Amino acid sequence: MENKLVIYNTLSRKKELFIPINPPNVGLYVCGPTVYGETHLGHARPAITFDLLFRYLSHLGYKIRYVRNITDVGHLENDADAGEDKIAKKARLEELEPMEIVQYYTNMYHDNMKKLNVLSPSIEPHASAHIMEQQQMVESIFRKGYAYESNGSVYFDVEKYNKTNNYGKLSGRNIEDLLSTTRELEGQEEKKNPFDFALWKKANPEHIMRWPSKWSDGFPGWHLECSVMSTKYLGEEFDIHGGGMDLLFPHHECEIAQTKIANGKESVKYWMHNNMITINGKKMGKSLGNAISLNQFFTGEHKLLEKPYAPLTIRFFILQAHYRSTVDFSNEALQAAEKGLQRLWTAFDSLSKIKAGNQSSVSISKLENKCYEALNDDLNSPVLIAHLFDGVKIINSLLSGKEQINKDDLNKLKSIYKTFVIDVLGFEKSEISQTDNKVYHKVVDLLLDLRMEAKAKKDFQMADNIRNKLLELGFEIKDKKDGYEWELSD
RNA sequence: GGUCUCGUGGCCGAGUGGCUAGGCGGAGGUCUGCAAAACCUUAGACAGCGGUUCGAAUCCGCUCGAGACCUCCA
């Protein structure tokens with residue numbers, strides 16, 4: 001299991017060689033969605049980033065347990081909604097059961113992820129199903145003297161923790177700065193210090209999502225679920241914890257602190273954070289009101305979208321940027337991604353038409369090495385894709401006979417494209433639209449056969465007539481040397 | 001205000017001391033009844049000003065600009 005995979009560890013702010021704690025096993029935990037709203041483009045970023053990691057580690061031969069949670073409790077609102085659970089709020093507005101909302105948006109998330117060809121994690125735990133374990137962790141922290149109760153809520157004593165530990169080491173903060181920069185929020189008077197965070201929160205009377213506990217009827221603190229569920233499913237020490245950069249502080253910082261106290265040791269070896277997707281240079285986010293949902297991308301029904309975009313176009317668009325860079329949404333960029341992916345696919349299909357000769361005038365192993373080097377360098381998918389485009393040039397040269405390739409090299413070339421394009425990058429073309437209705441396909445073929453006959457008879461009026469009518473209906477007709485290809489465009 | 005990140009050609013986006021990134025778009029061409037598609041070739045860049053260096057887009061300083069976190073967030 002030798003590899004040279006290097007990943008950027010937020011904790012050290014450096015790229016580090018990836019060495020699993022218990023090879024060949026790898027424990028991976030990623031912060032999943034809060035299921036109280038439509039899945040939007042921002043959710044696709046971590047899902048796709050860590051899908052790439054999951055796929056690549058699998059390809060390298062690791063046995064991965066990938067845990068990605070569903071957040072369906074907790075997460076306080078601020079301002080007027082302080083103390084109210086987000087999900088409960090939405091539920092009351094729409095007069096639905098909270099779990100109905102959870103189910104609805106979880107289903108949507110799953111559906112969208114499947115379309116993006118994001119593999120399911122090994123375990124997808126719900127926070128609401130781990131209330132008991134969360135209470136146990138609160139109790140454990142309490143017993144160790146790092147928590148205090150106040151008015152039915154339990155808070156983590158950051159100041160005490162910081163005496164023997166470094167609170168802020170992940171996000172590069174220190175407690176003095178935090179004192180002067182924490183905003184005034186409701187409920188702060190319950191805390192010893194404004195930077196203390198809730199482990200258990202007493203629920204207001206109108207709060208629907210609540211569980212009994214020795215402290216109060218309430219719900220677990222904002223950050224507890226990830227500590228609890230990662231420990232439960234991956235153990236007290238595991239390899240990689242991922243999530244969006246916006247979760248770095250306070251979420252992951254708090255997670256480190258409470259886990260350290262509860263378990264007595266550091267749990268995460270490598271912290272990985274994906275950057276944000278921006279729109280007009282600003283972060284796309286639900287709370288900012290500028291998020292475009294994935295369903296809107298797929299249907300094109302949004303005022304900022306010029307057309308619908310296929311799920312794999314979105315995937316390609318995201319993977320064409322490095323995960324630690326921001327990526328800026330625009331129609332132009334998305335359409336460029338669409339064309340680029342098409343070029344890659346065309347070449348991929350052409351592979352089957354290449355005939356092997358006795359010798360090779362192209363270096364395939366060089367290409368292969370470059371591909372691995374790119375991924376090994378902190379999952380540099382844009383560079384990998386660039387190399388694959390270099391390979392497209394090679395494929396086309398082979399196709400036109402400008403270059404030659406022997407049998408072994410040809411097999412290697414095919415295997416490279418299968419490995420990287422399909423297995424690792426996950427650009428597997430959906431065959432649904434091609435196979436769902438065979439009769440209708442035959443009808444279109446029939447029409448185009450008639451057109452070919454017309455062309456043969458130089459009846460171009462008839463030929464063009466058929467083509468134009470089909471174009472009007474939304475078909476894309478591509479004439480080939482001996483025949484045609486067609487597809488129903490979006 | 002505090003902490004941090006970034007500024008690359010028309011657009012997106014890699015690189016990070018000397019060696020072509022790549023994609024889209026543009027221009028030119030091949031193919032074709034025409035068109036589309038496909039393919040080939042090609043021009044074009046490192047925010048500004050100083051400094052270090054034989055050499056800087058890459059290191060340092062300053063200026064300008066943009067953004068993130070500090071509050072739920074992917």
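Just so it is clear, the model here is predicted, and its values are computed rather than measured. All chains are named by letter (A, B, ...) in the order of the sequence lines, taking the proteins before the strands, and each is independently numbered beginning at 1.
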Paired with rA56(B): which nucleotide, if any, by Watson-Crick or G-U wobble criteria at under 3.5 Å for both distances? none
For rC4(B), does the base pair up with any side-chain atom of Arg13(A) as donor and acceptor (N or O, under 3.5 Å, distance only)? no
Lys455(A) NZ to rA36(B) C1': how many Å, rounded? 11 Å
Stacking of Phe460(A) on rG33(B) base (centres under 5.5 Å, planes under 30°): yes
Please determine if a side-chain N or O atom of Arg343(A) lies less than 4.0 Å away from the OP1 or OP2 oxygen of rC40(B). yes
For the side chain of Asp390(A) and the base of rG22(B), is some donor closer than 3.5 Å to an acceptor across the two? no
Side chain of Ile277(A) only, heavy atoms from C-beta on: which candidate in rG13(B), rA35(B), rA74(B) is closest? rA74(B)
Quick one: on RNA chain B, does Ile385(A) or Ser330(A) contact a more 5' nucleotide (nearest heavy atom)? Ser330(A)
With sequence neighbours excluded, what pairs up with Lys169(A) under the salt bridge (Lys or Arg N to Asp or Glu O under 4.0 Å) test? Glu266(A)
When both distances are under 3.5 Å in a Watson-Crick or G-U wobble arrangement, the nucleotide paired with rA68(B) is rU3(B)
Centroid separation under 6.0 Å, is that true for the rings of Tyr233(A) and His130(A)? yes
So what does Phe249(A) hit on the nucleic acid, given a heavy-atom distance under 4.0 Å: a base, only sugar-phosphate, or nothing? sugar-phosphate
Check for a donor-acceptor pair, side chain of Asn274(A) on one end and backbone N or O of Arg45(A) on the other, with a separation under 3.5 Å. no
What nucleotide among rA74(B), rA37(B), rG13(B) has an atom nearest to a side-chain atom of Met284(A)? rA74(B)
Candidate nucleotides rC11(B), rC40(B), rC34(B), ranked by approach to the side chain of Arg451(A) - the nearest: rC34(B)
Identified pairing partner of rA43(B), criterion: Watson-Crick or G-U wobble below 3.5 Å: none
Just to be sure I understand the rule, does Ser397(A) reach a base, reach only the sugar-phosphate, or reach nothing, if contact means heavy atoms closer than 4.0 Å? nothing
Round to the nearest Å and state the distance from Ile175(A) atom CD1 to rG2(B) atom C1'. 15 Å
Without swapping roles, check the side chain of Asp239(A) against the backbone of Gly27(A) for a donor-acceptor pair under 3.5 Å. yes
Length of the OH-P vector between Tyr484(A) and rU32(B), whole Å: 20 Å
Please report the distance, rounded to the nearest Å, between NZ in Lys15(A) and P in rG15(B). 7 Å
